[in-house]
Amino acid sequence: MARIPSLVSIITPFFNAEQYLHEAVESVVSQSYANWELLLINDGSTDRSAAVAKSFKNFRIRYFEKPNGGVSSARNIGLKKMRGDYFCFLDADDTMPPQSLESRIKLFYQNPNLEFVDGVVNGFDSEMNRLKHTWCPKFVGNPLADLIRLSGNSFFGPTWMIKKLNNRSYWFKPELTHGEDLLFYIQLASHGGEYNYTREVVLNYRDNPQSAMKNLVGLERGYRRLDVEISKLTSNVYSKIFFSLKWRKIMFLSYLHTKKYRSAFRVVYS
């Protein structure tokens, strides 16, 4: 008897993304795997993003509006409304290659013990014309320790497809604007669950100059909050110390790169 294809929920929050949103949605519509739903969450946009989102007449696309509250609160709307057996995220300025969903769902079908499936990411310039870098996962197993080590072997960004479990709570901390996806994954991995990846490209990432990762002050604030949250999730003293040292090194080098020398040394000694 043929397997009934599982429903995959794709959650896309957006704020003033009219320049990119159409391309992002088209990449979902063009997926080789057909049993998906796309949840478009308008986080209080003031441009024509809403008109772009509503221009798609597809029964698999669902549209929601909310007052502006940040990416975490918008993703929470999607997590609350999703109907899928699996789910993943797509930022409004990125795109999915046609095999993105299919390549990941195949791994779940092959190994029922998997809870998280990742894949290769191609990073492009802001116009999606020039390939700048490629990220490939390099980890298999429960990813908790690897995530805390900030190794980059199992985490690029919100690229995981996740099996939805009935006994699991899926929720972002709304106050977090940086590092929210890393904390979300760490919290899920703390319950157990196996991670694996496909060698196919699952995301085309746009290196947007307006990216939240370019805001170093906000990024530092996010790391400090992660430091507190990780201390609650693990009793492993070495993991806590390692995470604290690693993020401080990352911020130190980032501030040095932008010639913010006082901020660099403040991170080290605070």
Side-chain angles (χ1 to χ4, degrees), residues 13 70-72 75 89 91 93-94 116 118-126 131-160 162 172-190 195 197 202-270:
V71 66
S72 293
R75 285 177 179 160
F89 302 99
D91 286 347
D93 55 352
D94 297 333
F116 319 110
D118 210 346
V120 177
V121 178
N122 278 339
F124 289 86
D125 62 8
S126 60
L131 180 64
K132 299 176 65 176
H133 56 84
T134 296
W135 176 80
C136 301
K138 300 181 181 67
F139 183 85
V140 174
N142 179 264
L144 178 60
D146 188 70
L147 292 171
I148 292 176
R149 285 197 296 268
L150 297 175
S151 70
N153 292 329
S154 62
F155 177 77
F156 175 86
T159 59
W160 292 11
I162 299 166
F172 285 87
K173 289 189 175 295
E175 65 272 19
L176 275 185
T177 58
H178 295 74
E180 73 288 339
D181 41 10
L182 176 57
L183 178 58
F184 182 74
Y185 290 164
I186 286 174
Q187 289 172 324
L188 293 185
S190 70
Y195 168 101
Y197 60 92
V202 301
L203 181 71
N204 294 319
Y205 170 79
R206 189 189 304 271
D207 190 1
N208 195 328
Q210 305 303 317
S211 168
M213 297 306 290
K214 303 294 191 299
N215 179 353
L216 293 184
V217 174
L219 185 59
E220 179 189 344
R221 188 183 306 117
Y223 274 131
R224 290 187 181 278
R225 180 60 187 270
L226 277 167
D227 216 338
V228 173
E229 296 296 332
I230 286 172
S231 294
K232 300 175 184 177
L233 289 172
T234 179
S235 58
N236 189 315
V237 175
Y238 295 105
S239 293
K240 296 176 185 179
I241 294 174
F242 190 96
F243 179 81
S244 183
L245 292 175
K246 186 67 179 284
W247 76 255
R248 290 173 191 276
K249 178 182 178 181
I250 291 171
M251 291 307 309
F252 175 76
L253 294 175
S254 297
Y255 279 129
L256 282 186
H257 182 71
T258 56
K259 298 182 180 180
K260 297 180 179 179
Y261 304 115
R262 293 181 63 180
S263 295
F265 286 100
R266 173 183 52 77
V267 167
V268 173
Y269 294 107
S270 63

| Between Y223 and L150, is a side-chain contact (heavy atoms from CB on, under 4.5 Å) present by the stated rule, with each step listed? | CA-CA 11 Å; Y223 274 131; L150 297 175; 4.3 Å; yes
| Shortest non-hydrogen contact between K246 and R149, atoms and distance | NZ-O, 3.3 Å
| query | Given the rule in the side-chain contact (heavy atoms from CB on, under 4.5 Å) test, do T159 and Y205 qualify, once you have shown the distances and angles that lead to the verdict? | reply | CA-CA 10 Å; T159 59; Y205 170 79; over 6 Å; no
| message | Filter on side chain to side chain donor-acceptor pair (under 3.5 Å), then keep only pairs touching residues 257-270, sequence neighbours left out; what's left? | response | E220-R266, R224-S270
| Contact summary for P143 and A189, nearest pair of heavy atoms | CG-CB, 3.9 Å
| task | Report the relative orientation of the aromatic rings in F172 and F184; use parallel for angles under 30°, tilted for 30 to 60°, perpendicular for over 60°. | result | parallel
| said: Return the SG to CG distance between C136 and N153, rounded to the nearest 0.5 Å. | reply: 11.0 Å
| query | Salt-bridged, R75 to D91, with N to O below 4.0 Å? | reply | yes
| field | Passing candidate, side-chain contact (heavy atoms from CB on, under 4.5 Å) with L176, options L182, V71, L183 | value | L183
| query | Between CD1 of I230 and CZ of F243, what distance do you get to the nearest 0.5 Å? | reply | 3.5 Å
| Rounded to the nearest 0.5 Å, what separation is found between the CD1 atom of I162 and the CZ atom of F116? | 6.5 Å
| said: Side chains of V120 and Y197, heavy atoms from C-beta outward: is any pair under 4.5 Å? | reply: no
| remark: Between S154 and D118 the two heavy atoms that sit nearest each other are O-OD2, 3.7 Å
| said: Would you say that D181 contacts F89 through its side chain, given a criterion of any heavy-atom pair below 4.5 Å between the two side chains? | reply: no
| message | List the residues meeting side-chain contact (heavy atoms from CB on, under 4.5 Å) with A264, not counting sequence neighbours, and say none if there are none. | response | F252, Y255, L256
| How many angstroms lie between atom CG of N122 and atom NZ of K132, to the nearest 0.5 angstrom? | 13.0 Å
| query | Do side-chain atoms of W135 reach the backbone of G152 as a donor and acceptor pair under 3.5 angstrom? | reply | yes
| request: Output all residues satisfying ring pair (Phe, Tyr, Trp, His ring centres under 6.0 Å) with Y195, sequence neighbours left out; order by chain, then residue number. | output: W160
| field | Nearest heavy-atom neighbours spanning R206 and D125 | value | CG-O, 3.8 Å
| said: Let me confirm one number: the CZ-CD distance from R225 to E180, rounded to the nearest 0.5 Å. | reply: 12.0 Å
| said: Within this structure, what is the OG-NZ distance for the pair S72 and K173, rounded to the nearest 0.5 Å? | reply: 10.5 Å
| message | Counting C-beta onward and ignoring hydrogens, is there a side-chain heavy-atom pair between N204 and D94 closer than 4.5 Å? | response | no
| message | Applying side-chain contact (heavy atoms from CB on, under 4.5 Å) to V267 and W247, what does each step give before you reach the verdict? | response | CA-CA 9 Å; V267 167; W247 76 255; 4.0 Å; yes
